[in-house]
Amino acid sequence: MITVVVFLWYFPCMNNTFKIVIFGIIFISFIVLGIFGLSKLKIDDFHKAAVIFVVDSSASNLANLPAEKMMIRQLCSMLDPEDHIKILRVSEDSYLIYEGSPQSSSEIRKSMEKFTQFDATEYGTAYGLALEKAFNHVINMNKEGYIPAVVVIGDLENEGDINKQIDWDSLPNDVSNVQNQSQDFAMMFMFASPEKLDMVKEKLTPVLGENKLIIGNEITTNKSMRRFLSAIGR
């Protein structure tokens with residue numbers, strides 16, 4: 001305290017050059033402390049995200065597919081390079097067509113172009129099978145330290161083999177089980193009809209809550225993506 005008082009007493013008597021040097025040291029010190037504080041905050045708050053996309057490439061959803069693929073690429077560009085994505089293709093069957101960094105835009109585009117082509121020999125939409133696989137990926141990625149999420153993109157029509165379809169009565173319980181095992185689990189449903197999206201909201205809001213369940217269509221894409229990014233901590 002005495003040192004500060006003495007300094008303030010003699011400060012008006014100092015020459016201008018010395019005053020500038022002192023102000024410079026103080027200014028640089030504040031900048032260094034600010035940068036260090038922000039860097040530490042970013043490191044402490046950052047959590048890697050794992051996003052599992054379920055993409056409908058069946059005949060009933062074919063007209064929406066170009067816009068849906070564009071949305072996937074746009075959302076991937078907003079994720080962090082340390083995040084991880086998986087893309088599950090859905091038609092008569094469901095299987096993984098891409099996994100890796102969300103920033104590998106060329107590989108993502110090529111994978112979707114190659115594996116979402118219409119196949120006239122296929123009939124059905126195996127959403128139930130796709131979600132089962134997606135939930136398994138969620139649990140595994142959570143064990144690896146990722147904040148997991150599932151993004152379902154398509155019309156949600158149940159067609160074909162009934163054993164591969166969504167069981168809407170058991171879906172809330174399935175989601176609840178995943179939520180209990182996975183930290184901060186979120187889901188987003190896009191591009192289905194208003195009737196289907198309303199049913200999703202009715203079934204899953206009691207489980208996930210308003211902040212972790214995002215529902216949207218082609219008109220609300222940008223707003224929905226912003227809400228989704230917020231739900232996974234971006």
Side-chain angles (χ1 to χ4, degrees), residues 49 51-79 85-98 102 105 108-109 111-119 122-135 137-138 148-160 164-168 171-172 175 185-205 208 210-232 234:
V51 181
I52 292 86
F53 292 94
V54 174
V55 186
D56 187 350
S57 63
S58 65
S60 64
N61 191 61
L62 208 58
N64 292 326
L65 197 55
E68 292 167 355
K69 290 190 287 189
M70 184 181 299
M71 180 215 150
I72 293 172
R73 293 195 297 270
Q74 185 179 352
L75 183 55
C76 286
S77 70
M78 298 175 179
L79 297 175
I85 71 165
K86 297 178 187 286
I87 302 177
L88 289 165
R89 176 255 200 191
V90 180
S91 187
E92 185 176 42
D93 209 336
S94 176
Y95 50 83
L96 190 68
I97 63 172
Y98 175 84
S105 55
I108 293 170
R109 179 182 57 79
S111 294
M112 288 196 295
E113 290 301 325
K114 180 176 181 179
F115 296 111
T116 61
Q117 297 290 330
F118 173 64
D119 186 345
E122 292 188 329
Y123 173 73
T125 45
Y127 274 107
L129 178 61
L131 286 175
E132 180 182 337
K133 292 183 176 183
F135 293 158
H137 287 310
V138 162
V150 172
V151 178
V152 182
I153 303 177
D155 59 20
L156 295 178
E157 292 295 334
N158 270 337
E159 299 171 328
K164 297 180 180 181
Q165 296 176 8
I166 297 176
D167 184 339
W168 291 102
L171 181 62
V175 172
F185 177 55
M187 294 189 75
M188 178 164 71
F189 291 79
M190 295 291 297
F191 285 89
S193 67
E195 293 82 5
K196 291 289 186 182
L197 293 176
D198 190 58
M199 180 167 60
V200 171
K201 190 175 183 68
E202 178 184 344
K203 295 285 187 180
L204 297 185
T205 299
L208 292 170
E210 293 286 349
N211 293 329
K212 294 296 183 179
L213 176 64
I214 297 91
I215 292 171
N217 52 44
E218 62 273 22
I219 299 172
T220 63
T221 297
N222 290 333
K223 180 180 178 182
S224 298
M225 286 195 295
R226 287 195 299 270
R227 287 190 59 215
F228 176 76
L229 291 171
S230 177
I232 62 172
R234 290 292 173 271

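Residue numbers start at 1 and run along the sequence shown.
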Could you give the side-chain donor-acceptor pairs of residues 188-201 under 3.5 Å, partners two or more places apart or in another chain?
{"from": "Ser193", "atom 1": "OG", "to": "Glu195", "atom 2": "OE1", "distance (Å)": "3.4"}
{"from": "Ser193", "atom 1": "OG", "to": "Lys196", "atom 2": "N", "distance (Å)": "3.3"}
{"from": "Lys201", "atom 1": "NZ", "to": "Glu210", "atom 2": "OE1", "distance (Å)": "3.4"}

Does [X] have any side chain to side chain donor-acceptor pair (under 3.5 Å) partners at least two apart in sequence or in another chain, and if so, which?
X: Glu122; result: Arg89, Ser91
X: Lys86; result: Glu99
X: Asn222; result: Gln74
X: Ser58; result: Asp56, Ser60

For the backbone of Glu157 and the side chain of Thr125, can you confirm whether one donor and one acceptor N or O come within less than 3.5 Å of each other?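 Present.
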
Kindly indicate whether the side chain of Leu96, heavy atoms from C-beta on, has any atom under 4.5 Å from the side chain of Phe115. no

Let me see the working for Ile85 and Cys76 under side chain to side chain contact (heavy atoms under 4.5 Å, CB included), right down to the final yes or no. CA-CA 8 Å; Ile85 71 165; Cys76 286; 3.6 Å; yes

Qualifying residues under side-chain contact (heavy atoms from CB on, under 4.5 Å), relative to [X], sequence neighbours excluded:
X: Asn211; result: none
X: Glu202; result: none
X: Ser77; result: none
X: Ala231; result: Ala186, Lys212, Ile214

Side chain to side chain contact (heavy atoms under 4.5 Å, CB included) between Phe53 and Leu75: does it pass, once the steps are laid out? CA-CA 11 Å; Phe53 292 94; Leu75 183 55; 3.8 Å; yes

From [X] atom [atom1] to [Y] atom [atom2], the distance as rounded to the nearest 0.5 Å:
X: Ile153; Y: Leu88; atom1: CD1; atom2: CG; value: 11.5 Å
X: Thr220; Y: Arg226; atom1: OG1; atom2: CZ; value: 10.0 Å
X: Leu213; Y: Phe185; atom1: CG; atom2: CZ; value: 10.0 Å
X: Leu156; Y: Ile166; atom1: CG; atom2: CD1; value: 5.5 Å
X: Lys164; Y: Asp93; atom1: NZ; atom2: CG; value: 4.0 Å
X: Asp167; Y: Leu131; atom1: CG; atom2: CG; value: 11.5 Å

Working for side chain to side chain contact (heavy atoms under 4.5 Å, CB included), residues Met78 and Met225: CA-CA 9 Å; Met78 298 175 179; Met225 286 195 295; 4.1 Å; yes

Determine all donor-acceptor pairs shorter than 3.5 Å in which one atom belongs to a side chain in residues 62-72; sequence neighbours excluded.
{"from": "Glu68", "atom 1": "OE1", "to": "Asn61", "atom 2": "ND2", "distance (Å)": "2.7"}
{"from": "Glu68", "atom 1": "OE2", "to": "Asn61", "atom 2": "ND2", "distance (Å)": "3.3"}
{"from": "Lys69", "atom 1": "NZ", "to": "Glu113", "atom 2": "OE2", "distance (Å)": "3.3"}

Using salt bridge (Lys or Arg N to Asp or Glu O under 4.0 Å) as the criterion, list what pairs up with Glu218, not counting sequence neighbours.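 With sequence neighbours excluded, Glu218 shows a salt bridge (Lys or Arg N to Asp or Glu O under 4.0 Å) to no residue whatsoever.
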
Go through the steps for Trp168 and Lys203 under the test side chain to side chain contact (heavy atoms under 4.5 Å, CB included), then give the verdict. CA-CA 8 Å; Trp168 291 102; Lys203 295 285 187 180; 4.2 Å; yes

Shortest non-hydrogen contact between [X] and [Y], atoms and distance:
X: Tyr127; Y: Val90; value: N-CG1, 3.9 Å
X: Leu129; Y: Ser94; value: CD2-N, 4.1 Å
X: Tyr123; Y: Glu159; value: OH-CB, 4.0 Å
X: Val175; Y: Met187; value: CG2-SD, 3.9 Å

